[in-house]
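A note on names: the letters A, B, ... follow the listed sequences, proteins ahead of strands, and every chain is numbered from 1. Atom set for the values below is all heavy atoms of this structure, side chains included, hydrogens, waters and symmetry mates excluded.
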Protein chains: 2
Amino acid sequence: MGESSRIAGQDSLRADARRNRRRILSAARVVFAEHGIDAPMATVARRAGVGVATLYRRFPTRDALVRAAFAHQMDICARTLTEALADPDPWQGFQRLVETVCELQRAERGFPAAFVAAFPDSTREHARVREQTERDFMTLVRRAQAAGALRADFHPSDFAVALLSHCGLVTALPGDRAASRRLVAYLLQSFRAEAAHGALPAPSALSLRSLPLAAHGSQGQRPSSA
Amino acid sequence: MGESSRIAGQDSLRADARRNRRRILSAARVVFAEHGIDAPMATVARRAGVGVATLYRRFPTRDALVRAAFAHQMDICARTLTEALADPDPWQGFQRLVETVCELQRAERGFPAAFVAAFPDSTREHARVREQTERDFMTLVRRAQAAGALRADFHPSDFAVALLSHCGLVTALPGDRAASRRLVAYLLQSFRAEAAHGALPAPSALSLRSLPLAAHGSQGQRPSSA
DNA sequence: TGGCAACCGGACGAGATCGTCCACTTGACC
DNA sequence: GGTCAAGTGGACGATCTCGTCCGGTTGCCA
């Protein structure tokens with residue numbers, strides 16, 4: 001598993017509190033899927049059969065709730081990257097990474113919104129994990145390029161470009177799996193070395209830091225900072 | 001120009017009313033760019049130096065305001081399609097169409113949100129224009145395919161896929177022109193016939209009807225409906 | 001210049017959401 | 001079983017947005 005249970009979190013809770021926590025998370029996923037990530041907190045609480053105060057005590061901000069609700073998906077992302085690095089065929093790993101993340105985006109309706117929401121690094125530990133993830137991804141890219149499978153002018157930020165645009169697509173067309181798959185197929189094709197025909201415009205200066213690949217914490221409890 | 005001034009619209013207004021109308025539209029573009037398309041109507045009114053009532057009288061719904069504010073952009077889209085059809089090189093026309101629409105999306109900040117917002121056909125005339133636009137686009141596609149420039153398995157819905165995903169990208173990264181240009185370049189490359197390597201997954205059933213290429217009206221004044 | 005119809009804008013009531021406070025309940029440990 | 005800290009939930013005040021109403025103003029035409 002990934003980055004769960006940190007900082008004396010849910011384990012030290014009383015039994016009923018732990019049960020309520022789980023209920024809240026489950027309800028949050030459902031509600032976020034139905035009404036988007038901006039759904040009223042009270043709706044989540046009602047759905048969980050819990051008072052608003054309980055919800056706010058456990059997750060002081062909406063961010064905290066969102067992060068915790070989709071922590072599982074984020075863990076899967078991180079694990080897929082690890083597996084991709086272990087794959088003897090680097091292109092295979094790269095391709096699977098893109099496909100898996102996009103699959104997650106299209107499967108869990110609220111996830112895309114959570115995906116683009118910018119979460120500040122809450123702890124030093126998170127920052128460390130994120131940096132390691134970035135390094136791992138760079139390694140994967142270089143390896144795939146060295147193997148002659150990934151085009152030489154592919155820039156790491158292109159990965160973010162792909163994910164963010166796919167994210168926008170599934171947000172605009174929730175439920176249209178065909179459209180999502182099409183985009184992924186087109187993008188993967190144009191990332192292949194054989195596809196490199198003309199020159200590309202300059203890459204974005206965007207870093208990967210804001211993508212949940214970098215496994216943000218699942219707990220919350222940050223000061224506030226809007 | 002395109003589809004402006006219909007149904008005894010702004011022309012029959014008194015001089016001061018017409019002036020206020022223009023002020024409102026100008027303010028709306030600024031406010032939508034800054035705070036998104038969901039910005040409070042009162043903010044737009046204040047920025048325009050106008051009372052809320054005036055704003056509501058002129059544009060009964062937010063939809064109406066949004067449509068009118070970006071009518072110019074929509075006209076440009078429609079015109080670009082016409083020019084693309086007239087271009088002797090169909091690929092050139094196709095490419096320029098994609099680039100122009102994406103250029104508009106990245107230039108005017110509120111436009112992407114307006115772009116994906118689903119506007120119901122308000123009049124029979126709008127429906128007619130939209131259908132004609134769809135036919136024109138299909139013609140362009142077929143022509144480019146016949147010329148051997150556009151890949152044979154390109155499906156018209158792929159155009160919507162491209163625009164919607166690009167739209168999501170610029171929404172997530174407003175101001176990052178490099179990212180936008182990169183995505184467009186990648187997509188155009190993979191639409192070229194030479195790029196067709198493996199088979200693509202099935203296309204989406206999505207129609208182009210909801211895209212502003214089809215030049216929705218710029219007036220508003222629909223009953224209400226949402 | 002005078003009159004009227006169109007136009008204007010601020011105030012206002014309704015409705016929604018947020019996040020906190022506090023009196024009551026319950027699980028865990030002795 | 002008793003104690004008490006941890007946990008609970010609903011009520012509440014603050015804030016925000018919407019869309020309408022109405023008394024005052026102004027452009028336009030005779």
Let me have a per-nucleotide readout for nucleotides 19-30 of chain D, 5' to 3', with B, S or -, counting only protein heavy atoms under 4.0 Å. BBB----BSS--
Find which nucleotide of DNA chain D each of B/T43 and A/G51 is nearest to by heavy atoms, and output the residue with the more 5' nucleotide. A/G51
Range on DNA chain C touched by chain A - first to last nucleotide, heavy-atom distance under 4.0 Å: C/dT17 to C/dA28
Counting the benzene-type ring for Trp, do B/F94 and B/F154 have ring centres under 6.0 Å apart? yes
So the salt bridge (charged side-chain N to carboxylate O under 4.0 Å, His left out) pairs with at least one residue in residues 159-179 of chain B (sequence neighbours excluded) are none
Results of side chain to side chain contact (heavy atoms under 4.5 Å, CB included) for B/Q132 - residues two or more places apart only: B/R135, B/D136
In this structure, how many angstroms lie between the C1' atom of D/dT17 and the NE2 atom of B/H35, rounded? 15 Å
Using 30° and 60° as the class boundaries, would you call the ring planes of A/F111 and A/F70 parallel, tilted or perpendicular? tilted
Provide, to the nearest angstrom, the distance between the CZ atom belonging to B/R46 and the C1' atom belonging to D/dC18. 14 Å
Quick one: are A/L25 and A/L65 in side-chain contact, heavy atoms under 4.5 Å? yes
List for me each residue that meets side chain to side chain contact (heavy atoms under 4.5 Å, CB included) alongside B/V31, sequence neighbours excluded, and say none if there are none. B/H35, B/A39, B/T43, B/V44, B/R47
Counting only heavy atoms not in B/R62 (residues, nucleotides, ligands), do more than 12 fall under 6.0 Å from its CZ? yes
With sequence neighbours excluded, residues passing side chain to side chain contact (heavy atoms under 4.5 Å, CB included) with A/Q95: A/W91, A/E99, A/L188
